[in-house]
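Each chain gets a letter, A, B and so on, in the order the sequences are listed, and its residues count up from 1. The figures that follow rest on heavy atoms only: side chains count, while hydrogens, waters and symmetry mates do not.
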Protein chains: 2
Amino acid sequence: MLPFIKKRTKIYEGKAKVLYESGQPGLIIQHFKDDATAFNRKKHAIIEGKGVLNNFISELIMDKLSGIGVPTHFVRRLNMREQLIRRTEIIPLEVVVRNIAAGSLCSRLGLEEGLVLSRPIVEFYYKNDELGDPLVTDEHILALDWAAPHEMNSIVNNALRINDFLTGLFSGIQLILVDFKLEFGRVEDEYGETQVILADEISPDSMRLRDSRSGEILDKDRFRKDMGGVKEAYQEVARRLGVLPKDILNGIIPPDGETEN
Amino acid sequence: MLPFIKKRTKIYEGKAKVLYESGQPGLIIQHFKDDATAFNRKKHAIIEGKGVLNNFISELIMDKLSGIGVPTHFVRRLNMREQLIRRTEIIPLEVVVRNIAAGSLCSRLGLEEGLVLSRPIVEFYYKNDELGDPLVTDEHILALDWAAPHEMNSIVNNALRINDFLTGLFSGIQLILVDFKLEFGRVEDEYGETQVILADEISPDSMRLRDSRSGEILDKDRFRKDMGGVKEAYQEVARRLGVLPKDILNGIIPPDGETEN
């Protein structure tokens, strides 16, 4: 008999993750790859063990967010690289929350990196690689029916709650949350009503984190800026969050690719 | 004695207009040039008589908007190319209202030209040539203190009222208002309170207009797309609005440049 892995059906392969059928209704498997990309795939590399670290970090954060009542797609971690999640209809938006000016905000608006914003900025980008994920406003989203007004309210409210919670979580481990990206998806509840829940992942791939004492960069910017030490930075975040797997610490990194459940 | 024109002080020279001191407190002179530019000044030409036509068209529209209670900077037309306006502190935003998809909306979001939007879209662009007038959201505007929340409310309300009014005005003369751009500025009222009023101009330079029967383009898109007949299109809009000056009709176009009051 063939091992279970051969029977899995791939639903979607993205830049850093793969989705598989789980065989259970309403549930799918999210697999974290070691691939790192930036600038709309113009830059690509393999960061050994990154997928494992993001799997553990995202598990911890999604779990804590459920704890404060933010609905998420996360069900449970399956193994070193995979987690069981709810199948959602992804809303085609990247929701970015910014506390400090960095990255594209600075280049687009001529702001200095590190400017502390007088209030958090919530931005929406249309998820479309071909168009370079363009910035959009509520107006575009509503006029083009990408999300309904009550869904936008729920997204903004949850994005700001997540920002408050994560800013607190990271400040306790001497990390500054500069900005982060979220994705949301629709699920049907038991009454057939659609609900918007947090999807995707929350990891150093989707956040900017700085050490609050040294200012050291501990996220994907190390990759974007060719600074090296990417793996070590992700490990340091996992270590401070208390989720650095012993195997990783001992240099035993489960290979990427098809893994068993 | 030198003619009056020599004593005027230039306050600001833009792509299509020049502002001069008027000698009267709180009032300045807005001069309409024949210069046409597009794609952030990458394209430039002189359209003979355009400044005259825009001066008359903008006068008519600003006047009608005052009539429905939209506060504007327009005081009175002085001559063929100039009008007296209130001095305002310009809010650094281009406010675009769109009824039908065209131009940058299509290229940024991959939409088809001519798509009728399910509701009008109000967009804000940060007025900054160096940065290419980037799209911004309420979030950027508020976090960076470019306008206050009550000012944004007033801008959006007036932009939507202007859209309703102009859509009606143009539909009466067989023109479809595809989209248009507005600028707003602050003035102090008699009690020292600041108020936001409509500034700049409203003309075929700042609107997209199509003939409702033939679909013919009657605005600056003729220049952007190298279609020729720019002057004739602007004249046709002025003619339908009933403000085509007889001199222009007879081919007598007052020269651009310093003109007397």
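- Pairs engaging residues 135-160 of chain B under the ring pair (Phe, Tyr, Trp, His ring centres under 6.0 Å) rule: B:Tyr126-B:Trp146 [sequence neighbours left out].
- Inspection of non-hydrogen atoms places A:Leu105, A:Ser107, A:Arg108, A:Leu109, A:Gly110, A:Leu111, A:Leu115, A:Leu117, A:Ser118, A:Arg119, A:Pro120, A:Ile121, A:Val122 of residues 103-122 of chain A under 4.5 Å from chain B.
- Heavy-atom neighbours of chain B within the stretch residues 179-186 of chain A, taken at a separation under 4.5 angstrom, are nonexistent.
- Of all heavy-atom pairs spanning A:Thr137 and B:Thr137, the tightest one is CG2-CG2, 3.7 Å.
- Residue A:Glu123 touches chain B through its side chain alone, counting heavy-atom pairs closer than 4.5 Å.
- Contact residues of residues 153-164 of chain A toward chain B are absent (heavy-atom distance under 4.5 Å).
- When each of A:Ala101, A:Pro134, A:Gly132 is checked for heavy-atom pairs under 4.5 Å with chain B, A:Pro134 comes out on top.
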